[in-house]
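In what follows, chains carry the letters A, B, and so on, assigned in the order in which the sequence lines appear, proteins first and then strands, with residues in each chain numbered from 1.
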There are 2 protein chains.
Amino acid sequence: MKRPASWQAIRTEALRRIHTGLWSPGARIPDEAELAAEFSCARATVNRALRSLAEDGLLERRRKGGTRVPTTPVRKATFEIAIIRQDIEGRSQEYGYRLIDDRLAAPPAEVLAEFETSRDVVLRHVTALHFAEGRPFCLEDRWLNPQIVKMGEVEFGTLSANEWLVRNIAYSGGKIGFHALAADRDAAGKLECAEGAALFAIERTTRNPTATITFVRLTYAPGYRMEAKL
Amino acid sequence: MKRPASWQAIRTEALRRIHTGLWSPGARIPDEAELAAEFSCARATVNRALRSLAEDGLLERRRKGGTRVPTTPVRKATFEIAIIRQDIEGRSQEYGYRLIDDRLAAPPAEVLAEFETSRDVVLRHVTALHFAEGRPFCLEDRWLNPQIVKMGEVEFGTLSANEWLVRNIAYSGGKIGFHALAADRDAAGKLECAEGAALFAIERTTRNPTATITFVRLTYAPGYRMEAKL
DNA sequence: AAGTGGTCTAGACCACAAA
DNA sequence: TTGTGGTCTAGACCACTTG
């Protein structure tokens, strides 16, 4: 076998062997040196190909343990987290924004838990609406760490907190969750939908190495659909 | 600057420069050769670091055009697509499964569109329920390409189509979408929830290079939450 | 202790897109 | 045309983890 030249060709060939069962689930595949010899290429090239497959969840690699085909593959998909304005403009729709409220307040327990601070019982609470073609698109309900985004220094009357944060605050990590919820009276009023309507919601916590920066719940108007690549 | 040794250290340093604005949005950053000289390392090491950042959406790279900091970063997040049994067992809950129906039928237009075949107006339609701790967890409503998964050859009475497919069928790509929907009478009955309840649903189309393999809608019982890494 | 993947190097050539 | 990233090589050393 001398065909594959690039790491992508080797990736493709490896994929084929996984799919055809030539490399069966749970079994160890030849090590990098062997494959490099087989494909007449440098070990680094094989490494690049197998690492790529491992990142997609199609192989499991361990030092000394070798490379294996997972018995129950857990494939990974990626989705893009754009700012809401981009999301709307990407659909060739007109973006609109309106700040509803911005004040210091005591957060509910579930939010406070995300901030891990029993001290600062007062957070900056920002509520805003994003519009697409003049119609409510997404309700932004955000709690900010007031030590990082100070009242008075930064205003969200024109530029949404969503956009300001993406452009100005570095973050090192966090978590994101998706779920469905029924519109309560408040959300129904703001999103101009029926009370009880099924809404898609995203909750996101963003941290830097030191502290939690913000927790946000984005509730989308009925019909919203989030797409990702497989 | 001689500190960073590994590509991860260079990545971290690059991140710092992006965050501090030393590398400002829209501006070109030094090319790989310059950075390699600055960090006293091989260009390949710089390449590894910058490529990693580009994959996360924190840099944009183009041949000849150089590397830039995006003005509006589109960060990427990944989530894992496990089989439903794993999802439930991962929560330390007992998994259960029941096949509801499995027959050839004419799909609705929206499903047929995913198969791009105006010919085969008959697809294999499989309906099943997944349970966690004995309670309905997820409703699987699946349409299969009967030329790939033949009636009679493969049965889903014990092993779910979800699991069988992951283990047996290679796929090259597809798309996945998330949304919220209100439980209709049928779904409410099967998931044992109120009609009209807000449910989280995933729709997934899976293809191989030649044809569409399957289209599935997974509707989760109320309270389901999908998490991803940021 | 030893095997395997992880990473780094120094150099080279190539592919693409901007000038 | 030319500059920049993309990739490959051959060799080396290291880190982890398993036996």
Checklist entry - More than 12 non-hydrogen atoms from neighbouring residues, nucleotides or ligands closer than 6.0 Å to CZ on A:Arg225, yes or no? => result yes

Checklist entry - Taking OP1 and OP2 of C:dT7, is either one under 4.0 Å from a side-chain nitrogen or oxygen of B:Thr45? => result no

Next on the checklist: Using a heavy-atom cut-off of 4.0 Å across all strands, would you classify B:Glu60 as base, sugar-phosphate, or nothing?
Outcome noted: nothing

Next on the checklist: Tell me the interatomic distance from A:Arg63, atom CZ, to C:dT7, atom P, rounded to whole angstroms.
Outcome noted: 7 Å

Checklist entry - At under 4.0 Å, does any side-chain N or O of B:Thr67 touch on OP1 or OP2 of D:dT4? => result no

Item to check | Nearest-angstrom distance from the residue atom CD of B:Glu32 to P of C:dA12 | outcome: 17 Å

Next on the checklist: Pick the closest DNA chain C nucleotide for A:Arg61 and for A:Lys64 by heavy atoms, then say which residue is nearer the 5' end.
Outcome noted: A:Lys64

Next on the checklist: Has A:Asp56 got a side-chain atom pairing as donor or acceptor with A:Lys76's backbone, closer than 3.5 angstrom?
Outcome noted: no

Checklist entry - Which residue pairs pass the salt bridge (charged side-chain N to carboxylate O under 4.0 Å, His left out) test when at least one of the two sits in residues 59-75 of chain B, sequence neighbours left out? => result B:Glu32-B:Arg61

Next on the checklist: Under 4.0 Å, heavy atoms only, any strand: does B:Arg48 hit a base, just the sugar-phosphate, or nothing?
Outcome noted: sugar-phosphate

Next on the checklist: I need the CZ-C1' distance between A:Arg62 and C:dA2, as an integer number of Å.
Outcome noted: 18 Å

Checklist entry - NA contact type, B:Gln8, heavy-atom cut-off 4.0 Å: base, sugar-phosphate, or nothing? => result sugar-phosphate

Next on the checklist: Just N and O in the side chain of B:Asn47: are any of them under 4.0 Å from OP1 or OP2 of D:dG5?
Outcome noted: no

Checklist entry - Touch check for B:Arg68, heavy atoms < 4.0 angstrom, all strands: base, sugar-phosphate only, or nothing? => result nothing

Checklist entry - Just checking B:Ala44: base, sugar-phosphate only, or nothing, at a heavy-atom cut-off of under 4.0 Å? => result base

Item to check | ring-ring contact (aromatic ring centres under 6.0 Å, His included) partners for B:Phe178, two or more places apart | outcome: B:Phe79

